[in-house]
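Numbers here are sequence positions counted from 1. Side chains included, hydrogens not; waters and symmetry mates left out as well; all remaining heavy atoms used. All figures in this text were calculated on a predicted structure; none of them were measured in a lab.
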Amino acid sequence: MKNLTLKQVLQKYSEGPQTGIFTDGGSRPNPGPGGWGVVRVANGEVVQQLYGSDPMTTNNRMEMTAIINALKSISVDEDVTIYADSQLCINTLTVWAKSWERNAWKKKGGEIKNLDLVQEAYALFQERPRTRFEWIAGHGGWLWNEYVDSLSAAWAREVL
């Protein structure tokens, strides 16, 4: 499963939703060089893909960067589902950030990690009320999750 090319992913996998936006990010080692990727598909066809890298980062920063770029690609009145395999990022945006914002971006038990990215992603999410997030298991064999994993890993390798 590791280091498959995008072409190999398309040949190997077929399951999962065929419309939506899929995001992924990671670094190896963690922290270390990282990459992120976003793929938007409609009826099984790639409509858009975005990607990037960072020479020194963390998995969580790359996951949130992918989500930020996905949100930026959506118009404010668009009805879309973003699929991500990071429960941390999804819970941050859909559960915890509202109370953190209400409490001047503070939480019980310490600092909010990656606050800069959390604030940016939350603001974008609030501007797009018809956007839904859905968690999917990483490396669960869903075509577009595997695709975006390979995309983000390829860009992470670009900075090694």
Distance alone, cut at 3.5 Å: any donor-acceptor contact between the side chains of Asn30 and Thr58? no
I'd like to check Ile21 versus Val39 (side-chain heavy atoms, cut-off strictly below 4.5 Å). Are they in contact? no
Stepwise side-chain contact (heavy atoms from CB on, under 4.5 Å) check, Leu143 with Gln18: CA-CA 8 Å; Leu143 168 60; Gln18 297 297 308; 4.2 Å; yes
So Tyr51 and Gln49, do their side chains get closer than 4.5 Å, heavy atoms only? yes
Step by step, work out the side-chain contact (heavy atoms from CB on, under 4.5 Å) result for Phe22 and Asp149. CA-CA 9 Å; Phe22 295 79; Asp149 176 73; over 6 Å; no
Kindly give the heavy-atom pair with the smallest separation between Val38 and Ala66, and that separation in Å. CG2-O, 3.2 Å
Here the gap from Glu63 atom CD to Ile68 atom CD1, rounded to the nearest 0.5 Å, amounts to 12.0 Å
In terms of side-chain geometry, is the basic nitrogen of Arg128 or Asp77 positioned less than 4.0 Å from the acidic oxygen of its partner? no
Answer whether the closest heavy-atom distance between the side chains of Tyr83 and Thr81 falls below 4.5 Å. yes
Using a 4.5 Å cut-off on heavy atoms from C-beta on, say whether the side chain of Thr65 contacts that of Asn69. yes
Short side-chain to backbone donor-acceptor contact, Ser27 and Asn59, under 3.5 Å: yes
Compare all side-chain heavy atoms of Trp105 with those of Leu115 and state whether any distance is below 4.5 angstrom. yes
Output all residues satisfying salt bridge (charged side-chain N to carboxylate O under 4.0 Å, His left out) with Arg61, sequence neighbours left out; order by chain, then residue number. Asp116
Apply side-chain contact (heavy atoms from CB on, under 4.5 Å) to residues Met64 and Val118 and explain how you reach the verdict. CA-CA 7 Å; Met64 193 63 81; Val118 170; 4.2 Å; yes
Testing the basics here: between Gly37 and Leu151, what is the closest heavy-atom pair and its distance to 0.1 Å? CA-CD2, 4.0 Å
Where is the tightest heavy-atom contact between Pro33 and Pro29, given as atom of each residue plus distance? CD-CD, 4.1 Å
Counting C-beta onward and ignoring hydrogens, is there a side-chain heavy-atom pair between Ile67 and Leu124 closer than 4.5 Å? no
For Arg130, give me all partners under salt bridge (charged side-chain N to carboxylate O under 4.0 Å, His left out), at least two apart in sequence or on another chain. none
Nearest heavy-atom approach of Glu146 to His139 is OE2-CA, 3.0 Å
So, taking the atom named CD in Gln87 and the one named CD1 in Ile90, what distance separates them when rounded to the nearest 0.5 Å? 7.5 Å
Nearest atoms (heavy-atom pairs only) where Leu6 meets Tyr147: CD2-O, 3.5 Å
Should the heavy atoms of other residues, nucleotides or ligands under 6.0 Å from CD of Gln11 be counted, would the total exceed 12? yes
Quick one: does Thr19's side chain get under 4.5 Å of Trp144's, heavy atoms only? no
Please tell me whether Phe125 and Phe133 form a close aromatic pair, meaning their ring centres lie under 6.0 Å apart. yes
Looking only at heavy atoms, the pair that brings Ala137 and Asn145 closest together is O-OD1, 3.8 Å
Would you say the side chain of Asn60 lies within less than 4.5 Å of the side chain of Cys89, judging by non-hydrogen atoms? no
Rounded to the nearest 0.5 Å, what separates atom CD in Gln119 from atom CD1 in Ile112? 7.5 Å
Output, in order, the C-alpha distance, side-chain angles, deciding distance and verdict of side-chain contact (heavy atoms from CB on, under 4.5 Å) for Ser152 and Met62. CA-CA 9 Å; Ser152 68; Met62 290 293 90; over 6 Å; no
Above 12 or not: heavy atoms from other molecules or residues under 6.0 Å from NZ of Lys98? no
Can a salt bridge be assigned to the pair Lys106 and Glu101 using a cut-off of 4.0 Å between side-chain N and carboxylate O? no
